[in-house]
Amino acid sequence: MFDKSRWRDYLLHLFGAAVIVILARDINLIARLPQDVNQGAIFKIIFFHVPMAVTAMTAAAVAFVASVLFLITRDFRYDALAVAVTEVGLAFLAGNLITGSIWGHIIWGQWWAWDARLTSALVCWILYASYLMLRRAVEEPTQRATFAAVWSIFSFIDVPIVIFSIKWWRTQHPQPVFWGGGSFPHDWLVVFLWNMLAMVLLAIVMTTVRVRQENAQRELDSLRRTAHAM
Amino acid sequence: MTGFLRQVAVIAAKDLRAELRTKEAINGSLAFSLVILLLFSFAFDPTGDTTREISGGLLWIVFAFAGTLILNRSFARELPNDCLDALIAAPISGAALFLGKAIANYVLLLAMELISLPVFGIFYNVRWTGQFPELMLVLLLGTWALTVLGTMTSALTVNIRLREVMLPLLTYPVLVPALMGAMQLTMALIAGKPIDADNVMWLKMLIGFDVIYTAVSLVLVETVLVG
């Protein structure tokens, strides 16, 4: 018998196991890489810092698409995806901010600087945190999903404006290694890309688990309502 | 189209008339803006040169804080006697309702700001009249950004828990770029610098912000009000 939900379980577990294997391998490889000439061991934080930022940005885009699709179809599975991916993206952005802060503490001698990228990341974090606050404040499920979708669209439109406008302050953040003309040896790049894959897979697994929770929660709520009605 | 504009005008006139009769939002907002101006004088030395340099930024914090009192009332005013349901059921589009309310809020916010501005100039010894037309342009653009987002959040939060808390919590983060632009421009203008190549970018950004959020709000407000 082909059981669809069990098959999905296997796939999720397989993804989770893949994440653990790839991460273990990456951490091992990163630890063995030679230290950077200028920055020493702390430079290696980039292997987590940048993929986390990329994952968080991807999550914001997915949340936007899911929110638009919810408003068009009124299918609550899109609402579940939007909230799940926003929460996971927020966690990754927090990881990005924390790793950046640790790096700044060592290299700049201060935990925080009001530099363009840092400020933009912080504003985006607060933007999406307020999305989650909004969800908590609305009781009725349809209204919650609708309002949250509208606010997700508002927030996503704001992201490029925030980044663009904050750029007009003097920037202290190092130019991106990959597009800023910096050199990154080939074998480092390979490790970097593997870790990027690990982060994206981790985000997918976490999002899937959260989507299932949301769907289960919705079913529970509707059962409870039915019970009340009887 | 003329029908739409007439509906907008009717809603705006209705809101302004109701506000002029009670004056509850505008009085509260004005009193609040004076209190914040007073409190800032304790936090920063009001006679110092540095305070004068950052005073343009302070001014917008005052406007944003005091403005939420007006914006909070915008849709909440319609709750008693189920006026909101009647408005939604009325044969006008959500966009017309939203735009009418936004225009009423805009007038009230500008009134609050234009009264606060001279008080601020006297308290902090700032000569703000030097580039009056430019300052008014920044005021008009920055206030419209606050109005459009605030009216939208007012519609979003009207029926939810913690309404008074949620409105600023939602509005300010999204408003960050517009507030930054308005602050930078106001600081430059009060310092006597013209709007030139250095900060014309901020002006463009403000205009872009206003246009984008007005358009998105007009498209989405029906969904928010009707569901």
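Nothing here was measured: the structure is a model prediction, and the numbers come from that model.
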Between [options], who has the most heavy-atom pairs with chain A when the cutoff is under 4.5 Å?
options	value
L220(B), T153(B), L156(B), T223(B)	L156(B)
V224(B), L170(B), V176(B)	L170(B)
N199(B), T157(B), V165(B), L169(B)	L169(B)

Legend entry - Between CH2 on residue W125(A) and CG on residue L93(A), distance to nearest 0.5 Å: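 So the CH2 of W125(A) and the CG of L93(A) are separated by 8.5 Å.
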Inset, instruction - First locate atom CD of E139(A), then atom CZ of R161(B), and finally report the distance between them rounded to the nearest 0.5 Å. - result: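 Going from CD on E139(A) over to CZ on R161(B), the span is 4.5 Å.
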Legend entry - Qualifying residue for ring-ring contact (aromatic ring centres under 6.0 Å, His included) with F70(A), from W151(A), F76(A), F147(A), F64(A): F76(A)
Identify which of [options] forms the greatest number of heavy-atom pairs closer than 4.5 Å to chain B.
options	value
A149(A), A129(A), A137(A), S130(A)	A137(A)
V159(A), V138(A), I126(A)	V138(A)
I157(A), L71(A), I153(A)	I157(A)

Inset, instruction - Classify the angle between the aromatic ring planes of F209(B) and Y213(B) as parallel (below 30°), tilted (30 to 60°) or perpendicular (above 60°). - result: tilted
Inset, instruction - Identify which part of T142(A) has an atom lying under 4.5 Å from any heavy atom of chain B, answering side chain, backbone, both or neither. - result: neither
Do the side-chain N and O atoms of [X] and [Y] include a donor-acceptor pair separated by under 3.5 angstrom?
X	Y	answer
T214(B)	W144(B)	yes
W112(A)	S101(A)	no
E113(B)	T143(B)	yes

Legend entry - Per-residue contacts, residues 62-78 of chain B versus chain A, heavy atoms under 4.5 Å: none
Inset, instruction - Could you please state which residues from residues 145-152 of chain B sit under 4.5 angstrom from chain A, measuring non-hydrogen atom to non-hydrogen atom, sorted by number, or 'none'? - result: L149(B), M152(B)
Inset, instruction - Answer yes or no: does atom OH of Y124(B) have more than 12 heavy-atom neighbours from other residues, nucleotides or ligands under 6.0 Å? - result: yes
Legend entry - Neighbour count >12 (heavy atoms, 6.0 Å) for atom CE, M133(A): no
Please determine whether a side-chain nitrogen of the Lys or Arg among [X] and [Y] lies less than 4.0 Å from a carboxylate oxygen of the Asp or Glu.
X	Y	result
D79(A)	R74(A)	no
E214(A)	R210(A)	yes
D221(A)	R218(A)	no

Legend entry - Side chains of F48(A) and I27(A) in contact at under 4.5 Å (non-hydrogen atoms):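 Side-chain contact under 4.5 Å: yes.
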Inset, instruction - Could you look at I212(B) and say if it's the side chain, the backbone, both or neither that has a heavy atom under 4.5 Å from chain A? - result: side chain
